[in-house]
Amino acid sequence: MAHVCIHWFRKGLRLHDNPALMSALRGCKEIYPLFILDPCIHNKESMGVNPWRFLMGSLQDLDGSLRKLNLRLFVVRGKPQDILPQLFQKWGVSRMTYEYDTEPYSRSRDLKVSELAKEHGVEVVYKISHTLHDVDRIIEENNGKAPLTYGRFQTVLKTLGPPKRPIPSPTVEDIKDVKAPCVESHEEQQYGLPSLEELGHDLSCLQEAQFPGGEEEALRRLEESMERTGWVCSFEKPQTAPNSLSPSTTVLSPYLTFGCLSARTFWWRLADVYQGKKHSAPPVSLHGQLLWREFFYTASVGVPNFDRMLDNPVCTQIDWDTNPEYLSAWKEARTGFPFIDAIMTQLRREGWIHHLARHAVACFLTRGDLWISWEEGKKVFEGLLLDGDWALNAGNWLWLSASAFFHQYFRVYSPIAFGKKTDKHGEYIKKYLPVLKKFPVEYIYEPWKAPLSVQKAAGCIVGKDYPSPIVEHEVISKQNIQRMKTSYGKRSQGVSESPQPMKAEKRKGPSVLDMLKNKKKK
DNA sequence: CGATTCGTTGTCGAC
DNA sequence: CGTCGACAACGAATC
């Protein structure tokens, strides 16, 4: 019996290594490749114009690739739970396929949608292809808990073996028995991709996309990086510069986030390059970077309330300040620290900043200087980054704020010294903050220290043309270390008024374990 | 259980 | 230019 099938694209915006799409095509007489613009995730509040443009580019590329196979992409706007039942009926659908998504929102959405599918007699098939492994298996192998250190994570992974080999894209041969649904001309419009203008975006402030979305660009970019075999083999993340004028890393992360590039394709392509050569190893290598992604995906599945401080069992509870002025200054690149402001400018303009640049601004916002909750920073990153992956974003903010995973809170990034290591002349600062262009090198990281005569000569008066620093880093960072110490102290002592202080706190960890154990029993 | 080791990628100053 | 210890001292995992 041949199926009428919807393949529902969400992430996984690609044809290569797409097992769910392949199972859609098997025994299929008609296929509707579908993308739903869901107001719960695709809205202007939580998603900035740069990631929007990346998504649209990716969908356009996907549509183009499908058309080469005599298929097309159907784009619909609305809530999946409203849209899908309508389409099931309208198109006479008997099967729906999609790529498994571990995010909490996606999981509850997919649960609802699967029930609706059942009611409509639609068979649901999903496959794991966004991550290297089935992260639930990793948790199982670690006795029901997500590993909290990278070393432990690697040990667990060894028992699972290497990730699966990627599968190729569907070919004309694969769809020879599949009919492309006949679409009337008005429907061509109805299911077409809306423009960014139509969706109400202001494109006037956008410059040309440095990282255009789409599978084709993803694979081109992958090959471009992999051609540099020496560079690939000697890659060590900590040795790459956060403030080079062009990216010092691959910038494949946005393509992984949207699934334009399969992590397994990347993994095995790297294995090809490594083959027979001496090469760097995790955690610093490129393989290591993919494992970090896997690490945070696993943690985000194994830890309840992963993206929050409250009720997050691995997150240290910290008395962050509510400080809208400081938060805006950070967000809008007017902290008065050129290194920080340059990074935030690049983030807003280009939608991508180097991982270590993220360290610097995240530490500055949270435990280092401004003492603002990492959840605020996470929200800002989510809206601006092309690679604002839910699990990675939350995980890295937990890390940098020393709320979880990383605990050596006395190691504080200096907003002045850190950037100097890799850009002592401040070229990066001058690129993104041209107002400081004429400042002499010795003051470029600390313009407020320049004598007034020097400021005048540079055509930039600090406090007027460029902000004065909002905090005194040397003083505030030392105070903040003490505040961290207090928060950590409370954590290990437990709640003093509790009759069993130690036990009350100790329950924190096992509660995750218990939850997962209970789940398994069901 | 207690002790020990290790932990993706800090900074500063001495040598 | 690189390496090392002090700084002040954390939790997770292991034995």
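Keep in mind that this is a model prediction, so the values were computed, not measured. Lettering of chains follows the sequences in order, A, B, ..., and the numbering in each one begins at 1.
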Please give, in whole Å, the distance from dG10(B) C1' to Leu356(A) CG?
12 Å
Between Thr298(A) and Val301(A), does a side chain to side chain contact (heavy atoms under 4.5 Å, CB included) hold up when you go through it step by step?
CA-CA 5 Å; Thr298(A) 308; Val301(A) 169; 6.0 Å; no
Rounded to whole Å, NZ of Lys237(A) lies from C1' of dG7(B) at a distance of 18 Å
With a 4.5 Å cut-off on side-chain heavy atoms, are Leu291(A) and Phe295(A) touching?
no
Check the interface with nucleotides 13-15 of chain C: list each N/O to N/O pair with the protein under 3.5 Å, or write none.
{"residue": "dA13(C)", "atom": "OP1", "partner": "Leu148(A)", "partner atom": "N", "Å": "3.1"}
{"residue": "dT14(C)", "atom": "OP1", "partner": "Arg152(A)", "partner atom": "NH1", "Å": "3.1"}

Does the distance from a Lys or Arg side-chain N to an Asp or Glu carboxylate O, for Arg14(A) and Glu216(A), drop under 4.0 Å?
no
Write down the distance between CD (Gln408(A)) and P (dT5(B)), rounded to a whole number of angstrom.
16 Å
Is there side-chain contact between Pro451(A) and Tyr443(A), with heavy atoms separated by less than 4.5 Å?
yes
Checking dA9(C), dT8(B), dG10(B) against the side chain of Arg411(A) (C-beta onward), the nearest is dG10(B)
Dot-bracket for DNA chain B, please. Rules: Watson-Crick or G-U, both distances under 3.5 Å, ( ) within the strand, [ ] when a pair crosses earlier ones, | for another strand, . otherwise.
.||||||..||||||
Pair Glu223(A) + Arg269(A), salt bridge at N-O below 4.0 Å:
yes
Whether Glu376(A) and Lys379(A) form a salt bridge (side-chain N of Lys/Arg under 4.0 Å from carboxylate O of Asp/Glu) is what I want to check.
yes
Spacing of Gln154(A) atom CD relative to dG7(B) atom C1', expressed in whole Å:
12 Å
What protein N or O atoms touch nucleotides 11-13 of chain B N or O atoms at under 3.5 angstrom, if any, and at what distances?
{"residue": "dT11(B)", "atom": "OP1", "partner": "Ser414(A)", "partner atom": "N", "Å": "2.6"}
{"residue": "dT11(B)", "atom": "OP2", "partner": "Lys421(A)", "partner atom": "NZ", "Å": "3.4"}

Asp134(A)/Lys164(A) ion pair, N-O < 4.0 Å
no
Rounded C1' spacing from dT8(B) to dA6(C) in Å:
23 Å
Quick check, are the ring centers of Tyr488(A) and Tyr409(A) under 6.0 angstrom apart?
yes
For a quick check under 3.5 Å, do His16(A) and Glu215(A) share a side-chain donor-acceptor pair by atom type?
yes
With side chain to side chain contact (heavy atoms under 4.5 Å, CB included) as the test, would you mind laying out the steps for Tyr297(A) and Asp389(A) before giving the verdict?
CA-CA 10 Å; Tyr297(A) 263 92; Asp389(A) 190 298; 2.7 Å; yes
Euclidean distance, atom NE2 of residue His359(A) to atom C1' of dT8(B) [Å, nearest integer]
8 Å
Decide, yes or no, whether a salt bridge links Glu224(A) with Arg220(A) under the criterion of side-chain N to carboxylate O below 4.0 Å.
yes
Integer-rounded Å distance: dC7(C) C1' and Ile481(A) CD1:
9 Å
Atom-pair distance (CG on Asn480(A); C1' on dA9(C)), nearest Å
17 Å
Determine the interatomic distance between P on dA8(C) and the same-named atom on dC6(B); round to the nearest Å.
24 Å
Can you check the Met484(A) CE to dC7(C) C1' distance for me, whole Å?
17 Å
Using the six-membered ring for Trp and the full ring for Phe, Tyr or His, decide whether Trp292(A) stacks on the six-membered base ring of dT8(B) (centres under 5.5 Å, planes under 30°).
yes
Salt bridge between Lys11(A) and Asp101(A), side-chain N to carboxylate O under 4.0 Å?
yes
Under 4.0 Å from OP1 or OP2 of dA9(C): is there any side-chain N or O of Lys485(A) that close?
yes
